[in-house]
Visitor: 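This is the structure I have questions about; it appears just below.
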Amino acid sequence: MTPVLVINSGSSSFKYQLIDMDSEAILASGLVERIGEGLGAAEHTVYARPEPTATGAAGEPSGMATFLDAKRTRELPIPDHTAGFGVMLDAFAAGGPSLEANPPIAVGHRVVHGGARFFEPTLITPLVEINIDELGVLAPLHNPANLAGIRAARQAFPDVPHVAVFDTAFHQTLAPAAYTYAIDDALAASHRIRRYGFHGTSHKFVSEAAAAFLGRPLAELKQIVFHLGNGASVTAVDGGRSVDTSMGFTPLEGLVMGTRSGDIDPAVLFHLARREGMTIDDLDDLLNKRSGMLGLAGSNDLRDIRAAVERGDPRAQLAFEVYVHRLRSYAGAYLAQLGGADVISFTAGVGENAPLVRARALETLGFAGVEIDRARNESPDRGIRVISTDASKVTVLVVPTDEELEIARQTLGVAGR
Ligand code: AMP
């Protein structure tokens with residue numbers, strides 16, 4: 001067994017997964033939340049491996065060969081991340097699997113912003129910690145929270161390698177023409193203003209999984225990956241390298257999201273500041289937390305929007321059309337940037353579960369050889385699957401994303417060196 005522990009730390013919570021990298025099966029997962037509040041909460045789930053069957057189901061990749069065994073929840077004060085890791089260790093001791101019998105060989109950490117400095121998974125040293133801290137200038141909500149998790153985890157597991165896996169790293173292959181904003185270049189350089197892109201771990205996982213599923217060399221494929229969750233982004237991937245992506249300096253740019261506006265004329269902000277007296281913080285809150293589907297139709301959950309559309313709610317109808325319109329614009333733009341595509345994939349909460357979004361996003365692309373098969377698109381299947389017709393020149397896929405597994409793979413790649 002080769003267990004790797006994956007940590008995704010926020011400011012008042014962290015999620016974890018213990019994955020056996022021999023089989024890529026999840027052994028346990030959990031959530032420690034409300035850290036620093038009066039009463040914290042912890043949830044720990046243990047997964048059991050099924051018995052090997054005649055067809056050899058055991059040892060399949062995660063999500064297929066695992067099933068839920070037991071879930072435990074606790075409520076107790078959790079003053080800081082260090083205490084949170086104590087709670088996590090207690091949960092392993094009480095619920096298993098035993099970390100003493102099978103200690104993790106490495107710990108992988110999700111880190112949101114790696115700036116232009118980190119372009120691959122990186123062994124965490126005190127200098128790397130300083131760099132992650134310094135990059136908090138670019139991601140003030142995320143990097144300090146990621147670092148709090150790293151520091152607490154290094155105390156809890158002092159003897160194993162810790163590896164940082166950056167959301168931005170996959171997009172470090174963007175050419176200057178794709179990442180440069182057309183503003184004063186000296187000002188941009190002094191503040192490191194450029195497009196970075198996010199969701200890179202997911203875009204990398206999905207584009208590689210698509211190539212493996214189709215049995216085609218990654219290096220030969222032109223791909224467009226739509227990661228449509230509460231946050232949403234799309235990436236053009238040429239030969240396994242990100243060449244364009246919709247998120248920019250921050251995760252605010254690009255597609256219409258649950259609560260974020262995506263692309264907007266920046267002059268709207270000048271106008272609101274002048275006319276409405278809104279401050280920078282007001283505008284930040286407006287565009288990041290009160291826009292997107294929430295701002296347009298009152299809910300950030302696409303299931304609510306769909307239900308409202310079916311009731312004939314005109315706000316929801318418009319919101320849905322705005323969402324689809326933006327998807328189409330990016331599909332067309334990335335077909336142009338790549339010079340056509342071999343594969344278009346959909347992933348994350350909306351991408352994996354909303355056939356209508358997939359169908360509407362691509363329905364005008366018949367001229368480019370994209371043809372969705374209605375029955376395949378609407379099939380309730382859960383795994384990686386083709387939803388285009390056999391005649392379609394572009395293969396359209398649904399690919400369930402697994403960012404934790406990707407972090408574990410990259411962590412093992414670094415720790416095993
Ligand atoms: P994620 O950020 O990937 O966890 O995605 C969360 C989002 O997925 C939710 O806010 C929902 O809008 C969306 N979602 C989940 N299930 C469905 C579904 N069955 N139909 C449409 N949207 C869904």
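Fair warning: this is a prediction, and the values are worked out from it, not measured in the lab. Residues take their numbers from the sequence shown, with the count starting at 1. First listed ligand is number 1; within each ligand, the first listed atom is number 1.
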Visitor: Do the side-chain N and O atoms of Glu406 and Thr201 include a donor-acceptor pair separated by under 3.5 angstrom?
Guide: no
Visitor: Between the side chain of Asp167 and the main-chain N/O of Phe198, is any donor-acceptor distance below 3.5 Å?
Guide: no
Visitor: At a 4.0 Å threshold, what atoms of ligand 1 neighbour a non-hydrogen atom of Val350?
Guide: 8 (O), 12 (O), 13 (C)
Visitor: Taking 4.0 angstrom as the limit and counting only heavy atoms of Gly229, give me the atoms of ligand 1 inside it, by number and element.
Guide: 1 (P), 2 (O), 3 (O), 5 (O)
Visitor: Does the ring center of Tyr196 lie less than 6.0 Å from the ring center of His171?
Guide: no
Visitor: Who's the nearest protein heavy-atom neighbour of atom 19 (N) of ligand 1, and how far?
Guide: Asn353 CB, 3.4 Å
Visitor: Assess, by modelled atom type and distance only, whether the side chains of His113 and His142 contain a donor and an acceptor separated by less than 3.5 Å.
Guide: no
Visitor: Check each of Leu286, Asp284, Asp285 against Asn288 using the side chain to side chain contact (heavy atoms under 4.5 Å, CB included) test, and report the only one that passes.
Guide: Asp284
Visitor: Just by modelled atom types, is the Glu129 backbone N or O under 3.5 Å from a matching donor or acceptor in the Asp133 side chain?
Guide: no
Visitor: Does an N or O anywhere in Leu302 fall below 3.5 Å from an N or O of ligand 1?
Guide: yes
Visitor: Would you say Asp301 has any N or O atom under 3.5 Å from an N or O of ligand 1, going by distance alone?
Guide: yes
Visitor: Tell me the nearest of Ser299, Gly349, Gly258 to atom 14 (N) of ligand 1, using heavy-atom distances.
Guide: Gly349
Visitor: Could you identify the single nearest non-hydrogen protein atom to atom 2 (O) of ligand 1 and state the distance to 0.1 Å?
Guide: Asn230 N, 2.9 Å
Visitor: Taking the six-membered ring for Trp, is the centroid-to-centroid distance between Phe14 and Phe85 below 6.0 Å?
Guide: yes
Visitor: Is atom 4 (O) of ligand 1 near the protein, in the sense that some protein heavy atom lies at less than 4.0 Å from it?
Guide: no
Visitor: Taking only heavy atoms of Ala348 into account, list the atoms of ligand 1 that are under 4.0 Å away from them.
Guide: 3 (O)
